**Q** 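The structure's right below; bear with me while I get my questions together.
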Amino acid sequence: MPTTINLVDGTASIHLSAGDHFAWENNTDQPVVVSNCSEFCVGSTYTVPARTATGPGLLAGQINSNPADNWTFVETPSVWRPGVINPGVPHVQNPPVMHRDVA
């Protein structure tokens, strides 16, 4: 199984670093469009397929070489934290800590 980022709760299966390959993981019964993620992903929009009888829907992605500190994204339709009254903004729960030189 590849390294994954879960669309329901934002957990990554490992701690991600710049340049890492991963798969968006969709455990819902509908496809989900992930967008506005170009600050940390090589692509800005991904259409992640729905789960199947054999497992979650997966779609390949990659962390860009210089990800920003903002690891949020938009889901359409939203599957973020279902049943939570104030679910907040979809985001990766355990993004890498990037050390930047300050001039």
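It should be emphasised that the depicted structure is a prediction, and the values quoted were computed from it without experimental measurement. Note that these values count all heavy atoms, side chains included, but never hydrogens, waters or copies made by symmetry.
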**Q** Check step by step if side-chain contact (heavy atoms from CB on, under 4.5 Å) holds for Asn36 and Thr72.
**A** CA-CA 8 Å; Asn36 294 352; Thr72 62; over 6 Å; no

**Q** With no hydrogens and no angle check, is any side-chain donor or acceptor of Asn26 less than 3.5 Å from a backbone partner on Gly57?
**A**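 No, Asn26 side chain to Gly57 backbone: no donor-acceptor pair under 3.5 Å.
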
**Q** If we ignore angles and hydrogens, is there a donor and acceptor under 3.5 Å between the side chains of Asn64 and Gln62?
**A**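 On atom types as modelled, these side chains do not qualify, holding no pair under 3.5 Å.
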
**Q** Less than 4.5 Å apart, any side-chain heavy atom of Val8 and any of Pro82?
**A**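 With C-beta onward as the side chain, the pair touches.
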
**Q** Ignoring hydrogens and geometry, is there a side-chain-to-backbone donor-acceptor pair from Thr52 to Thr54 under 3.5 Å?
**A**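 Yes, the answer is positive, given that a donor and an acceptor are paired below the 3.5 Å cut-off.
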
**Q** In Å, rounded to the nearest 0.5 Å, how long is the span from CZ of Arg81 to CG of Asn86?
**A**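 So the CZ of Arg81 and the CG of Asn86 are separated by 8.0 Å.
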
**Q** Which atom names give the shortest non-hydrogen contact between Trp80 and Gln93, and what distance separates them?
**A**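 In this case the closest contact between Trp80 and Gln93 is CH2-NE2, 4.0 Å.
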
**Q** Would you give the length of the straight line joining atom CH2 of Trp71 to atom SG of Cys41, rounded to the nearest 0.5 angstrom?
**A**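 If I round to the nearest 0.5 Å, the distance is 7.0 Å.
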
**Q** Looking only at heavy atoms, what is the nearest atom pair of Ser17 and Asp20, with distance?
**A**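 In terms of heavy atoms, the two residues are closest at N-OD2, 2.7 Å.
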
**Q** Could you walk me through whether Val48 and Val34 pass side-chain contact (heavy atoms from CB on, under 4.5 Å), step by step?
**A** CA-CA 7 Å; Val48 186; Val34 177; 4.1 Å; yes

**Q** With rounding to the nearest 0.5 angstrom, report the CD to CG distance, Glu39 to Asn66.
**A**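 If I round to the nearest 0.5 Å, the distance is 11.0 Å.
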
**Q** Assign the ring pair Tyr46 / Phe22 to parallel, tilted or perpendicular, where the plane angle (0 to 90°) is split at 30° and 60°.
**A**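 Rings of Tyr46 and Phe22: tilted, as their planes differ by 30° to 60°.
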
**Q** Apply side-chain contact (heavy atoms from CB on, under 4.5 Å) to Thr3 and His21, showing your working.
**A** CA-CA 7 Å; Thr3 299; His21 292 268; over 6 Å; no

**Q** How far apart are the closest heavy atoms of Pro31 and Pro77, and which atoms are they?
**A**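 Looking at all heavy atoms of both residues, the closest pair is O-CD, 3.5 Å.
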
**Q** For Ala18 versus Ser65, what's the shortest heavy-atom pair and its separation?
**A**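 Looking at all heavy atoms of both residues, the closest pair is CB-O, 3.6 Å.
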
**Q** For Ala23 versus Pro2, what's the shortest heavy-atom pair and its separation?
**A**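 Smallest interatomic distance, heavy atoms only, reads CB-CG, 3.9 Å.
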
**Q** OG1/Thr28 to CD/Glu75 distance, rounded to the nearest 0.5 angstrom?
**A**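 Separation between the atoms: 8.5 Å.
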
**Q** For a side-chain contact (heavy atoms from CB on, under 4.5 Å) check, start with the C-alpha distance between Val89 and Val74, then their side-chain angles and the critical distance, and finish with the verdict.
**A** CA-CA 8 Å; Val89 175; Val74 174; over 6 Å; no

**Q** Please name the pair of heavy atoms, one in Asn70 and one in Phe40, separated by the smallest distance, quoted to 0.1 Å.
**A**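 Nearest pair, atom of Asn70 first, then Phe40: O-CD2, 3.7 Å.
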
**Q** Do Cys37 and Trp24 come within less than 4.5 Å of each other through their side chains, counting heavy atoms only?
**A**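 Cys37 reaches Trp24 side chain to side chain.
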
**Q** About how many Å separate CG of Asn27 and CG of Leu58, when rounded to the nearest 0.5 Å?
**A**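 Output value for this atom pair is 8.5 Å.
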
**Q** Nearest 0.5 Å, please: how far is CD1 in Ile14 from OG1 in Thr4?
**A**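 Between atom OG1 of Thr4 and atom CD1 of Ile14 there are 9.0 Å.
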
